[in-house]
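Lettering of chains follows the sequences in order, A, B, ..., and the numbering in each one begins at 1.
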Protein chains: 2
Amino acid sequence: MKRNLKITIQDVARHANVSAGTIDRVIHNRGKVSADKRIKVEKAIRELNFNPNLLARTLALGKNFLICNLVPGAPSPHHYWSMPARGIKMAAAQYKDYGIITENFYYDLFDEASFVRQSANLLNANPDAVVLAPLLLHESKLFVHKLQNAGIPYVFIDADLPDEQSLSYIGPEVKSSAFIAGRLLNSVLPGKCEILIVNMVKGFANASALQRMEAGFRSYFQQNEPPRQKPVHVLTINSTKKEDVFRELERFYNEHPAIKGVFITNSKAFLVSEFHALHKLDIRLVGYDLVEENIAHLKNGGIDFIISHSPVQQGKRAIQTLFDYFVFKKEPERIQHVPLDIIIRENLDFYIRFNQHYPNELKEEY
Amino acid sequence: MKRNLKITIQDVARHANVSAGTIDRVIHNRGKVSADKRIKVEKAIRELNFNPNLLARTLALGKNFLICNLVPGAPSPHHYWSMPARGIKMAAAQYKDYGIITENFYYDLFDEASFVRQSANLLNANPDAVVLAPLLLHESKLFVHKLQNAGIPYVFIDADLPDEQSLSYIGPEVKSSAFIAGRLLNSVLPGKCEILIVNMVKGFANASALQRMEAGFRSYFQQNEPPRQKPVHVLTINSTKKEDVFRELERFYNEHPAIKGVFITNSKAFLVSEFHALHKLDIRLVGYDLVEENIAHLKNGGIDFIISHSPVQQGKRAIQTLFDYFVFKKEPERIQHVPLDIIIRENLDFYIRFNQHYPNELKEEY
DNA sequence: AATAAAAGTGTGTGCGCACACATTAAAAAG
DNA sequence: CTTTTTAATGTGTGCGCACACACTTTTATT
């Protein structure tokens, strides 16, 4: 516990034989500074390795930035969308003293009207930046254009709209992700069998992402090295309700008894796993997202692999990106692909513990 | 960009009809405060949801904490130990304004004397806390006891000494890690073949960790579900030099031609991969750590899986943990196991980009 | 040469907090 | 009922910075 030995503006001022104000002018190249003093100051800054104290700066500025998040609501704390929300919350806590304020607006994935409503509410809040999960294609585009007109910067998480002018996209490269799913699935499959992709969609969520996923997955089985080259079927179910899924699976499996591996393109792999358990089917499963139910089925062996797109990190990084953008004026990378984490029973617990439950969860006590 | 709407001590003071000084006394329960005022103040704090501004607090306190790190030196920027160092640097940059100062002391993994020397230097620096990679068992214990006597808290990264009183251990659970290695290796192996564990050790680094690794790895093959149950050999090479390794491998493979899978317990899997390439051997490989050479061999297919213990995160988390400990007086968890990340060719790039090269790398410009 | 207008520079205040100090009220001692 | 002691409370300063303002030089204008 030592006393401060930091270089301050005053130190630089003394060293350059000018006043603090001049240092300030040089740093922000505001106002008039004579050439010789400017040079002296720059020299002093270099020599002393002066680095402005971000704390003091933030305090003095007293500026606040309002970041509004428009993401799907999470019906329960174990729902997928509670994870990005958690990441956002963590980052918000971390940066709150720096003037970052966040406000969440939740919409219902299956209710376009709710998106429209909430996006209007969001605009009313007059944000400085927006974090958006653009899962409803059409509505998202309209909304984004409004942001564009209002000059409000925005970042996408989870899904990208490559044609739009977002500051950044933070999320997976779904094609590679699905390719990996193929590789993992194949590694636990016998040489000869058939494979199924299961889509569950209500409405027209993000059809293009689904297509890229399918393409990525298929491309693994189209290469004919070792024992790949398996028939790949697709089953699309217009619901995520258990009874609907079970009915459709039953029908499909009856017609295709050679299916030995299934790839589920959303976070509902556990439903398929339940079905397999019920009918004592020995079928291997790869799915997405570490939601509570998938965790359970990973543990009991019903699911072989889960690919996780670090949803918590996505939320966190979105806020960090905007923070850097505002405070450091740092232009972010247009695309920030998240890791494609391979989760199996054995590394599950470590992953969850380290990534989800980590601190900085605001401490209000002292 | 809004003006501040934060609750300050002054707000609380007005609301409770007392002066700022009294609020301060209540918050830090320092000095004398009458019962009724204390209650009023506490009520006001609750009602206004007052939260002290960490920035202002840090600024006012002007305290500095010196964290000294004693870790192996990295001969090149792609060496394994440059990664924890990077994490430390990142976290140090993040927290520098909060008064966290870090200083690094590097020792040579294969030179006990260097450890002793550097640990003495470190103590001279009079640190408030220490981050230690206790890879030299004996010397580390001696050193840690000195810290203990001096009342200096410390955390371990990468390896644990469970008997010591460290604030926290941040690193892998090696047994599970090796078990996963077994599972992954087996997934790319034919039903019938033999398996090899390769240890490369100079001196007696951390024999116990090696043993736990072996045990974890073996335990996978001792379960007799599907097609496990393979003979597991061990080859220990007292060197990491290419010629030594090649010679030993050649000798061993001649005697054991049925080897089809190898598990390398340190970060030198690429050496074995090179050997395989040279002799056109079709042998599958699992190893540790995303060092540059392993990355290359993952890409060219010579290595099938790399398990990564998030070395960058380890360094980062170590500093974060100490920061929370000092600033928030938060007692950390004794064990913080890092994720056991499974890296294959296809998720490699995403992993590296996202985890290693992320910003907050100090900005020294203006 | 006298004045006006820039250009260049220094000073002072406040951000929210911690802490030393000054002040006042109440209790103990005489 | 004073005087001391002690408990209770208020005030003022500084942390490092940004920014408004006042001030002093130059330079341009007539």
Participant: Within this structure, what is the CG-to-C1' distance between Asp11(A) and dC17(D), rounded to whole angstrom?
Facilitator: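 It works out to 13 Å between those atoms.
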Participant: Take atom CG of Leu55(A) and atom C1' of dC15(D), then tell me their distance rounded to the nearest Å.
Facilitator: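 Result: 10 Å.
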Participant: Nearest whole angstrom, please: distance from the C1' of dC15(C) to the CG of Asp97(A).
Facilitator: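 Computing the Asp97(A):CG to dC15(C):C1' distance gives 13 Å.
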Participant: Checking side-chain contact (heavy atoms from CB on, under 4.5 Å) against Val130(A), which of Ile152(A), Val155(A), Ile67(A), Leu66(A) comes through?
Facilitator: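 By the side-chain contact (heavy atoms from CB on, under 4.5 Å) criterion, Val130(A) pairs with just one of Ile152(A), Val155(A), Ile67(A), Leu66(A): Ile152(A).
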Participant: Would you indicate, yes or no, if dA18(D) has its OP1 or OP2 atom less than 4.0 angstrom from a side-chain nitrogen or oxygen of His28(A)?
Facilitator: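 His28(A) to dA18(D) OP1/OP2: side-chain N or O found under 4.0 Å.
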Participant: When the aromatic ring centroids of Phe156(A) and Tyr154(A) are compared, is their separation below 6.0 Å?
Facilitator: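 Phe156(A) vs Tyr154(A): aromatic centres under 6.0 Å.
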Participant: Would you call the rings of Phe323(B) and Phe328(B) parallel, tilted or perpendicular, taking 30° and 60° as the class edges?
Facilitator: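 The arrangement is perpendicular - the two ring planes meet at more than 60°.
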Participant: Does the side chain of Arg25(A) get closer than 4.0 angstrom to OP1 or OP2 of dG8(C) through an N or O atom?
Facilitator: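 The answer is no; no side-chain N or O of Arg25(A) sits under 4.0 Å from OP1 or OP2.
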Participant: Do the side-chain N or O atoms of Lys37(A) get closer than 4.0 angstrom to the phosphate oxygens (OP1, OP2) of dT9(C)?
Facilitator: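 Indeed, a polar side-chain atom of Lys37(A) lies that close.
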Participant: Rounded to the nearest angstrom, tell me the gap between atom OH in Tyr98(A) and atom P in dA18(D).
Facilitator: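 Atom OH in Tyr98(A) sits about 14 Å away from atom P in dA18(D).
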Participant: Looking only at side-chain atoms of Ala60(A), point me to the closest of dT9(D), dC15(C), dA18(C).
Facilitator: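 Of the candidates, dC15(C) comes closest.
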Participant: For the pair made of CG in Leu59(B) and C1' in dT13(D), what is the distance, rounded to whole Å?
Facilitator: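 So the CG-C1' distance, Leu59(B) to dT13(D), works out to 13 Å.
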Participant: May I ask you to evaluate whether Thr22(A) reaches the phosphate of dG10(C), defined as a side-chain N or O under 4.0 Å from OP1 or OP2?
Facilitator: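 Thr22(A) to dG10(C) OP1/OP2: side-chain N or O found under 4.0 Å.
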Participant: Any side-chain N or O of Ser34(B) under 4.0 Å from OP1/OP2 of dA7(D)?
Facilitator: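 Result: no.
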Participant: With the side chain of Val18(B) defined as its heavy atoms from C-beta on, choose the nearest nucleotide among dG10(D), dC17(C), dC19(D).
Facilitator: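 My answer, after comparing the listed nucleotides, is dG10(D).
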Participant: Is there a donor-acceptor pair under 3.5 Å between the side chain of Asp11(A) and the backbone N or O of Thr8(A)?
Facilitator: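 Here the side-chain-to-backbone pair exists.
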Participant: Would you mind telling me which residue lines up with the more 5' stretch of DNA chain C, Lys32(A) or Gly21(B), judged by nearest nucleotide?
Facilitator: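 Its nearest nucleotide being more 5', the pick is Lys32(A).
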Participant: Whole Å only: how far is the CG atom of Leu61(A) from the P atom of dA20(D)?
Facilitator: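 Taking atom P of dA20(D) as the reference, CG of Leu61(A) is at 11 Å.
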Participant: Does the plane of the ring in Phe350(B) sit parallel, tilted or perpendicular to the ring in His337(A)? Use 30° and 60° as the thresholds.
Facilitator: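 Perpendicular.
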Participant: Does a side-chain N or O of Ser19(B) approach OP1 or OP2 of dG10(D) to a distance below 4.0 Å, or not?
Facilitator: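 Affirmative; the distance criterion is met.
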Participant: Which whole-number value in Å describes the distance from Ile23(A) CD1 to dG8(C) P?
Facilitator: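 Those two atoms, CD1 and P, are 16 Å apart.
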Participant: For Ile39(B) and dA8(D), give me the distance from atom CD1 to atom P, rounded to whole Å.
Facilitator: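 These atoms are roughly 13 Å apart.
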Participant: Look at Arg57(A) and dG16(D) and indicate whether a side-chain polar atom (N or O) is within less than 4.0 Å of OP1 or OP2.
Facilitator: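 Looking at the OP1 and OP2 atoms of dG16(D), neither is under 4.0 Å from any side-chain N or O of Arg57(A).
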